[in-house]
Amino acid sequence: MELDEILESLKSGKTTVALARRLLSLYHIEEIEGIAKIDVNRQKRRGIPEVVLAETKQLGELKKIIKKTLEKSDRVVVSRIKKDDYAKIVALAKSLKMRIRTGRNSSTILILKKSPKLRGAVGILAAGTSDIGVAEEARLMCEAMNCRCVTSYDVGVAGIQRMFPELKKMISEDVGCIIVVAGMEGALATLVSALVDIPVIGVPVSVGYGYGKGGVAALASMLQSCSLGLSVVNIDGGIAAGGIAANIANRTARGAARAAGSRK
């Protein structure tokens with residue numbers, strides 16, 4: 001049973017206090033054969049689902065972690081899956097009768113038992129096509145946290161006119177936060193932050209060459225930005241950006257709902 005179901009059952013008298021205590025005791029950190037410890041209550045406590053970093057794990061270990069997580073929760077994000085393992089993880093999810101969401105040019109998969117109930121909205125901009133994989137990683141993380149995403153890719157400062165209609169669309173759809181993914185010099189994040197009155201999260205991407213290659217120039221540029229309201233995550237940190245943005249957007253949506261309710 002999910003945590004809410006246990007509490008509702010206790011409230012209605014269908015469950016005894018002793019049984020409820022026993023069921024609640026299941027919501028703790030779960031250890032898997034000495035391989036990993038899953039924080040199965042994180043989603044209830046923080047709104048952030050379990051995220052499994054796959055690139056350092058063997059396929060057999062990864063499958064055990066995914067299966068155990070889905071026994072205790074209704075979703076899991078599997079990030080940075082090795083190329084040879086990607087199709088096998090998709091096949092595993094299908095064999096478990098799960099819903100799967102994948103991303104363009106992304107090695108991340110969101111596995112769900114059911115479609116999430118949407119709450120907040122997040123805008124995601126990618127400067128170039130080389131940045132799309134990280135942007136899609138951020139999108140999947142936001143969707144795992146019940147957010148609707150408004151995306152627009154290849155709108156970097158080299159053709160700055162492309163960005164303005166997309167940014168207007170995001171504002172009109174009342175997004176609670178905007179993620180800006182950019183490699184090279186990373187200037188798009190500063191520009192967007194200077195134009196909007198909502199939080200902006202910059203994600204430097206390891207696209208670039210020569211001096212400042214590997215995302216270092218983009219990271220330095222975003223950190224040195226003179227535009228207030230811009231926060232920056234690590235290089236290629238799509239998961240981190242998605243987690244922060246979704247928390248902001250969901251909190252904004254809750255505040256708006258409460259305000260609307262108080263006016264009735």
Side-chain angles (χ1 to χ4, degrees), residues 46-48 119-128 130-132 134-143 145-208 211-260:
R46 299 188 57 211
I48 298 175
R119 295 173 186 157
V122 175
I124 305 177
L125 295 168
S130 297
D131 307 318
I132 290 175
V134 175
E136 288 283 271
E137 185 177 82
R139 176 183 65 81
L140 290 169
M141 187 62 184
C142 288
E143 291 182 356
M145 294 174 63
N146 302 328
C147 280
R148 172 176 60 89
C149 294
V150 183
T151 63
S152 183
Y153 301 154
D154 197 22
V155 291
V157 295
I160 198 170
Q161 73 282 356
R162 301 170 297 178
M163 184 268 297
F164 294 105
E166 304 302 327
L167 193 58
K168 286 173 66 177
K169 178 183 177 184
M170 291 179 181
I171 299 303
S172 70
E173 296 200 25
D174 200 25
V175 299
C177 185
I178 296 177
I179 298 172
V180 181
V181 183
M184 300 300 283
E185 85 290 3
L188 184 63
T190 289
L191 176 63
V192 172
S193 178
L195 293 172
V196 300
D197 64 348
I198 56 179
V200 175
I201 300 171
V203 186
V205 178
S206 54
V207 173
Y211 185 78
K213 64 183 178 179
V216 173
L219 174 62
S221 176
M222 290 182 188
L223 288 174
Q224 293 279 30
S225 174
C226 61
S227 176
L228 299 177
L230 172 65
S231 294
V232 185
V233 298
N234 206 350
I235 297 169
D236 293 337
I239 290 290
I244 299 166
N247 263 333
I248 292 171
N250 284 334
R251 188 173 182 84
T252 300
R254 288 197 299 271
R258 283 196 296 267

* **Gap separating the CZ atom of Arg251 from the SG atom of Cys177, nearest 0.5 angstrom** => 14.0 Å
* To do: Nearest 0.5 Å please: distance from the CG atom of Leu125 over to the CG atom of Leu188.
  => 6.0 Å
[X] versus [Y], closest heavy-atom pair with distance:
X: Asp154; Y: Gly128; result: OD1-CA, 3.8 Å
X: Met163; Y: Val192; result: SD-CG2, 4.4 Å
X: Ile248; Y: Pro199; result: CG2-CG, 4.0 Å
X: Ile235; Y: Val216; result: CD1-N, 4.1 Å
X: Ala249; Y: Ala121; result: CB-O, 3.4 Å
X: Ile239; Y: Met141; result: O-CG, 3.5 Å

* To do: Please check if atom CD in Gln224 has more than 12 non-hydrogen atoms from other residues, nucleotides or ligands closer than 6.0 Å.
  => no
Would you call [X] and [Y] a side-chain contact if the rule is heavy atoms closer than 4.5 Å?
X: Ile179; Y: Cys142; value: yes
X: Met222; Y: Val180; value: no
X: Val205; Y: Ser130; value: no
X: Ile171; Y: Ile198; value: yes
X: Met170; Y: Ser152; value: yes

* Going through the checks in order, is the side chain to side chain contact (heavy atoms under 4.5 Å, CB included) test met by Asn247 and Ile48? -> CA-CA 8 Å; Asn247 263 333; Ile48 298 175; 3.9 Å; yes
* Which residue, Leu167, Ile124, Val122, forms the side-chain contact (heavy atoms from CB on, under 4.5 Å) with Ile178? -> Leu167
* To do: Could you walk me through whether Arg139 and Glu136 pass the salt bridge (charged side-chain N to carboxylate O under 4.0 Å, His left out) test, one step at a time?
  => CA-CA 5 Å; Arg139 176 183 65 81; Glu136 288 283 271; 2.9 Å; yes
* Has the side chain of Asn250 got a donor or acceptor atom that lies under 3.5 Å from a matching backbone atom of Arg119? -> no
* Ala217 backbone acceptor or donor facing Ser221 side chain under 3.5 Å -> no
